[in-house]
Amino acid sequence: MVAKGNKKTKTCRVNLMRVRKAIIPAAGMGTRMLPITRAQPKEMVPVVHKPVIQYVVEEAYYSGIRDILIITGRGKRAIEDHFDRSVHSKAEKYSEELDRILDEVNIFFVRQKEQRGLGDAVRYGESFVDEEPFALLLGDTITLPPCTRELIDIHQKYKTSIVAVEEVPADKVSMYGIVKVRELDEGVHLIDDLVEKPSVEEAPSNLAILGRYILNPEIFECIRNTKPGRKNEIQLTDAMRILNTRERMHAYVFRGRRFDIGNKMDWLKANIELAVEDEELGDGIREFIEEVMKR
Ligand code: G1P
């Protein structure tokens with residue numbers, strides 16, 4: 001540990017360090033998944049073998065992270081229970097994998113007191129990250145291969161805050177944070193501006209923030225300076241907009257697959273796509289889909 005108040009040493013530590021902590025916000029209401037989410041968190045909705053949050057924790061683990069803070073809230077207790085060690089004596093592959101991961105990671109939980117937006121939720125991680133750059137993984141999104149791993153490698157090179165983005169069709173820009181960029185390296189861009197959920201007319205591009213970030217700890221000061229925005233909530237995108245005026249930020253165009261489990265259509269598509277690819281279920285599901293399509 002570096003002594004508190006030794007700002008110069010701390011800055012060195014931040015610059016040399018590989019990202020080793022992650023925050024996973026899982027406090028959102030899951031309105032778009034109702035009534036499935038009346039009594040269970042949207043992060044616990046299953047995708048083939050596992051609840052979505054298990055994919056997210058595994059992504060952090062396979063990206064080299066061993067300290068994880070999950071931000072929960074009202075009605076989210078099932079998430080904590082899921083990350084207890086299994087009590088089942090009969091070994092099951094995916095439960096075993098999780099138990100093995102749990103032996104190596106520390107998972108911490110904190111509850112957001114009021115639903116005041118993503119920016120407000122992230123704020124609860126300030127003392128956990130303790131002046132280190134950290135990964136932020138939204139708890140209702142799956143990326144394959146793990147996007148966080150790629151972001152951490154890029155962060156090693158640039159040391160800036162980095163936001164993963166992907167191109168979306170024009171009719172979807174209003175569902176996401178959108179970035180305006182200048183090309184730098186292949187796939188890595190300097191950010192000029194960021195806007196949370198703009199209309200098609202206002203959108204500066206079709207590059208959408210997909211729910212994976214590496215953020216430098218200066219973001220917390222920016223969140224404190226962020227006024228309520230869309231839906232009268234403290235938006236993380238608005239805080240990053242302030243951060244971008246203070247230091248350089250990059251956007252990374254992720255070329256893998258992203259599944260947004262926060263809405264029913266994408267959740268169902270994720271289940272079908274991943275079940276078809278599954279070694280245990282794939283053949284059966286493919287046959288079943290063909291059969292259904294003939295009806
Ligand atoms: C949040 C962020 C948005 C981002 C999106 C990715 O929105 O505010 O900037 O593009 O996640 O899924 P939400 O989906 O929580 O409305």
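One-based numbering, in listed order, for ligands and for the atoms of each.
- Residue-to-ligand polar distances place Glu196 within reach of ligand 1: an N/O pair is separated by less than 3.5 Å.
- Numbered from 1 in the order shown, with element, the atoms of ligand 1 that lie under 4.0 Å from a heavy atom of Thr237 read 9 (O).
- Aromatic ring centroids of Tyr124 and Phe108 lie 6.0 Å or more apart.
- Taking distance alone, with nitrogen or oxygen atoms compared against 3.5 Å, Leu210 stays at or beyond that limit from ligand 1.
- In Leu138, the part holding a heavy atom less than 4.0 Å from any atom of ligand 1 is the side chain.
- Taking distance alone, with nitrogen or oxygen atoms compared against 3.5 Å, Leu118 stays at or beyond that limit from ligand 1.
- When only modelled atom types and interatomic distance are considered, Gln235 and Thr226 share no side-chain donor-acceptor pair under 3.5 Å.
- No salt bridge links Asp238 with Arg230; every basic N to acidic carboxylate O contact stays at or beyond 4.0 Å.
- Tyr55 carries Lys50 over the face of its six-membered ring, with the cationic atom under 6.0 Å from the centre and within 45° of the normal.
- Under the 4.0 Å distance rule, the nearest protein heavy atom to atom 15 (O) of ligand 1 falls outside the cut-off.
- Of the protein's non-hydrogen atoms, the one nearest atom 6 (C) of ligand 1 is Ile209 O, 3.4 Å.
- Residue Lys197 places a heavy atom less than 4.0 Å from ligand 1.
- Ligand 1 lies out of reach of Met29, whose nearest heavy atom is not under 4.0 Å from it.
- Between Leu236 and ligand 1 there is no heavy-atom distance shorter than 4.0 Å.
- Distance alone, capped at 3.5 Å, places no donor-acceptor pair between the Tyr213 side chain and the Leu151 backbone.
- Both cation-pi conditions hold for Lys21 and Phe128: the charged atom is under 6.0 angstrom from the six-membered ring centre and inside a 45 degree cone around its axis.
- In this structure Arg116 satisfies the salt bridge (Lys or Arg N to Asp or Glu O under 4.0 Å) test together with Asp120, sequence neighbours excluded.
- Of the heavy atoms in Arg32, only side-chain atoms (C-beta onward) come closer than 4.0 Å to ligand 1.
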